[in-house]
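Chain letters run A, B, ... following the sequence lines, proteins first, then strands; residues in each count from 1.
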Amino acid sequence: MITRGFSGPRNKKISDDGRLPPGQSLTTGFPVLTSGPTPKVELDSWKFSIKLGVKPIQSWDWNSFNQLPQSSLVTDIHCVTTWSKFDTKWQGVMVDDLLSAAGYELDSLPTRFVLAHSVDGYSTNLPIADLIRGKAMIATHFDELPLTSEHGGPARLLVPHLYLWKSAKWANALQFTEKDVAGFWETRGYHMRGDPFKEERYGG
Amino acid sequence: MVDKSTLIDHSIGTSSIWKPATIASLEKLTKRIMRVKLSTDEWKPAVAGQHIDVRLTAEDGYQAQRSYSLLSTVEEIGSYEIAIEYLTDGEVSSYFHENAQVGDSVEVLGPNGGHFIWNSVNTSPVLLIGGGSGVVPLLSIVEEKTNSESSTPMSLLYGVRFLEDIIYHQHLNELTERHESLSVNFSLSRETTVPSLPQYHPGYIHESLIRQAQKHLTNNDPIECYVCGNNGFVESMTTLLQERGMDNIRTERFGE
């Protein structure tokens with residue numbers, strides 16, 4: 001369906017080599033979209049846990065977390081509110097390294113799904129396959145600086161191949177679940193997986 | 001912290017299918033804000049605070065889509081009302097402000113949104129704080145309350161730069177006269193001639209306005225806050241609210 005009078009962007013057009021998912025626009029800024037106030041997280045009391053159901057498996061305080069192997073990622077990110085940002089630079093702990101530090105082997109993980117949790121009660125669900133083998137990290141740095149609280153600092157999940165609501169800000173736990181349990185936005189009508197290249201924005 | 005478990009409402013449907021729509025009317029509400037009515041045959045009712053996505057397609061196939069909060073959800077069946085702010089570099093915004101004509105075809109998706117919403121069956125007092133065009137979903141909440149004759153105490157703090165930027169200025173004043181449980185206050189950050197009436201305040205929304213709203217909203221239930229605007233606005237407002245002991249806060253943010 002053509003919209004008469006609409007000719008597209010005035011400055012045609014940044015070549016994106018297929019990197020820009022359908023329905024997205026490039027931004028050079030870094031918008032902040034959060035469902036509530038920005039929580040202030042103290043490093044002294046910060047803790048990150050891996051859980052299997054309700055059972056705690058392993059947890060780290062800020063110091064021990066930062067002694068885990070560090071990795072960098074340069075990647076494109078995509079928000080469901082239709083902005084994308086190319087070549088963002090992150091540093092943190094790959095989920096692979098975190099699971100291995102918790103005693104897991106990638107070939108024999110306890111369940112197929114996880115809920116990522118945040119200090120403010122937020123949660124989001126993901127198949128574990130979307131977090132392992134180099135796909136996701138718990139990020140502590142953006143652009144070589146400690147992650148600011150408005151962008152999810154001190155630590156957030158980063159799953160760049162899915163819409164950003166899956167990349168829980170102020171992350172404090174990954175919980176293995178038997179089933180794919182809908183998280184905060186997923187309960188409110190958003191898609192269970194959220195692949196930007198398939199435009200999996202809304203469920204139902 | 002927000003107890004999000006209490007906010008879940010499973011009754012809200014979502015829609016992930018693009019539907020053809022046509023522009024039914026275009027009307028400038030202020031210098032920078034255009035009200036756009038879109039009519040569609042595949043209309044679904046919306047909840048106050050929800051948004052729709054709008055998609056435009058150029059002749060060469062180029063598409064652009066944006067999310068817009070609904071300005072009202074009590075309007076006639078078959079159409080959605082949104083308010084689009086003029087942005088100098090906005091390809092969608094400039095289409096609506098400069099080129100769009102009644103009868104043009106677009107596509108819509110939704111209504112969607114299950115968090116920043118309000119229903120008139122809700123009886124907890126409500127504090128709405130909007131900055132600039134961030135007031136739009138809050139206006140739909142005010143409309144939902146007054147239209148349903150709900151007696152839930154509700155207070156809107158509306159921050160804009162100038163008097164002439166206020167959307168539905170007269171209408172809001174009329175609504176507060178007709179509905180005792182509704183209060184509306186305007187903060188005018190750049191206006192040099194602030195009317196000497198109690199609902200107009202110079203400068204930004206500050207603590208004393210929030211304290212005053214808190215008083216208006218006294219009943220035994222905790223106040224539910226809705227804050228919408230650009231990120232800087234939302235950050236400063238949520239900080240003020242938390243300092244005043246209010247932590248049931250929903251936010252919707254835009255810009256950088």
**Report entry** Residue A:S25 versus chain B: region with a heavy atom under 4.5 Å
**Finding:** side chain
Report summary line: Comparing B:V106, B:V227, B:T57, B:V92 against chain A, the one with the most heavy-atom pairs below 4.5 Å turns out to be B:T57
**Report entry** Contact class of A:Q24 relative to chain B, heavy atoms under 4.5 angstrom
**Finding:** neither
Query raised in the report: Measuring heavy-atom distances to chain B, does A:R201 have an atom under 4.5 Å in its side chain, in its backbone, in both, or in neither?
Result: side chain
Side-chain donor-acceptor distances from residues 175-185 of chain A under 3.5 Å, at least two apart:
from	atom 1	to	atom 2	distance (Å)
A:Q175	OE1	A:H117	NE2	2.7
A:Q175	NE2	A:G53	O	2.8
A:T177	OG1	A:K179	O	2.7
A:D180	OD1	A:N125	ND2	2.9

Query - Enclosure of A:K51 NZ (heavy-atom neighbours >12, cutoff 6.0 Å) - result: no
Report task. Please determine, among B:Q65, B:E59, B:E107, B:R55, the option with the most heavy-atom pairs under 4.5 Å with chain A. Result -> B:Q65
**Report entry** Interchain contact, A:E200 with chain B, by part (heavy-atom threshold 4.5 Å)
**Finding:** neither
Query raised in the report: Is chain B contacted by the side chain of A:T82, its backbone, both, or neither, given a heavy-atom distance below 4.5 Å?
Result: side chain
Report task. Answer yes or no: does atom CG of A:D87 have more than 12 heavy-atom neighbours from other residues, nucleotides or ligands under 6.0 Å? Result -> yes
Report task. Could you have a look at B:D53, B:T239, B:V234 and say which one has the most heavy-atom pairs with chain A under 4.5 angstrom? Result -> B:D53
For residues 126-139 of chain A, which side-chain donor-acceptor pairs fall under 3.5 Å, sequence neighbours excluded?
from	atom 1	to	atom 2	distance (Å)
A:D130	OD1	A:H161	NE2	2.8
A:D130	OD1	A:R193	NH2	2.9
A:D130	OD2	A:R193	NE	2.8
A:R133	NH2	A:D107	OD1	3.2
A:K135	NZ	A:A129	O	3.0
A:K135	NZ	A:I132	O	3.4

Requested in this report: Would you check if the distance from the ring center of A:Y202 to the ring center of A:H191 is below 6.0 Å?
Outcome: no
**Report entry** Evaluation steps, side-chain hydrogen bond (donor to acceptor under 3.5 Å, both in side chains), between B:N231 and A:E150
**Finding:** CA-CA 9 Å; B:N231 188 52; A:E150 62 173 9; 2.9 Å; yes
